[in-house]
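Count residues from 1 along the sequence.
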Amino acid sequence: MEKNQKINCTVTSCKYNDGQTQECQLEQIIVTPIIGCNTNQSDESMCSSYRNEKNNK
């Protein structure tokens, strides 16, 4: 596995999104399955590292 992967992000409400480069500013993210979702598509998971830009929690 490549060590220097980039995570692109277009979720403008996320505080870790760099809107100019559309890259996630975190060094790593946590990807979590959505409970009860079994579509075999990308909607089965989500970024658990998401934080709203207006919320500092």
Side-chain angles (χ1 to χ4, degrees):
M1 178 180 251
E2 189 177 323
K3 295 276 185 181
N4 296 319
Q5 293 180 323
K6 289 184 180 181
I7 299 173
N8 294 342
C9 180
T10 58
V11 182
T12 57
S13 63
C14 184
K15 71 185 271 180
Y16 302 119
N17 176 36
D18 181 336
Q20 293 181 339
T21 63
Q22 293 187 336
E23 291 180 0
C24 182
Q25 295 177 335
L26 290 174
E27 290 186 22
Q28 68 177 13
I29 66 168
I30 299 170
V31 177
T32 306
I34 298 173
I35 297 172
C37 183
N38 189 19
T39 63
N40 295 321
Q41 301 295 319
S42 60
D43 64 354
E44 288 189 25
S45 63
M46 60 188 292
C47 176
S48 293
S49 303
Y50 171 86
R51 295 292 179 267
N52 187 284
E53 67 177 348
K54 297 178 183 176
N55 186 352
N56 290 329
K57 292 181 183 178

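Taking both residues in full, the closest heavy atoms of Asn17 and Thr12 are given as ND2-CA, 3.5 Å, listed atom of the first, atom of the second, then distance. Among all heavy-atom pairs drawn from Cys9 and Cys24, the shortest one is CB-N, 4.0 Å.
Between the Ser49 side chain and the Ile30 main chain, a donor and an acceptor come within less than 3.5 Å of each other. Although no hydrogens or angles enter the test, the distance criterion places a donor-acceptor pair under 3.5 Å between the side chain of Glu44 and the main chain of Thr39.
Both Tyr16 and Ile29 are assigned to one and the same hydrophobic cluster, defined by single-linkage of ILVMFWY side chains at heavy-atom distances under 4.5 Å. With hydrophobic clusters built from ILVMFWY side chains whose heavy atoms lie under 4.5 angstrom apart, Val31 shares a cluster with Ile7.
The side chain to side chain contact (heavy atoms under 4.5 Å, CB included) search around Glu23 returns Lys6, Asn8, Thr21, not counting sequence neighbours.
Residue pairs meeting the salt bridge (charged side-chain N to carboxylate O under 4.0 Å, His left out) criterion with at least one partner in residues 25-41, sequence neighbours excluded, do not occur; the list is empty.
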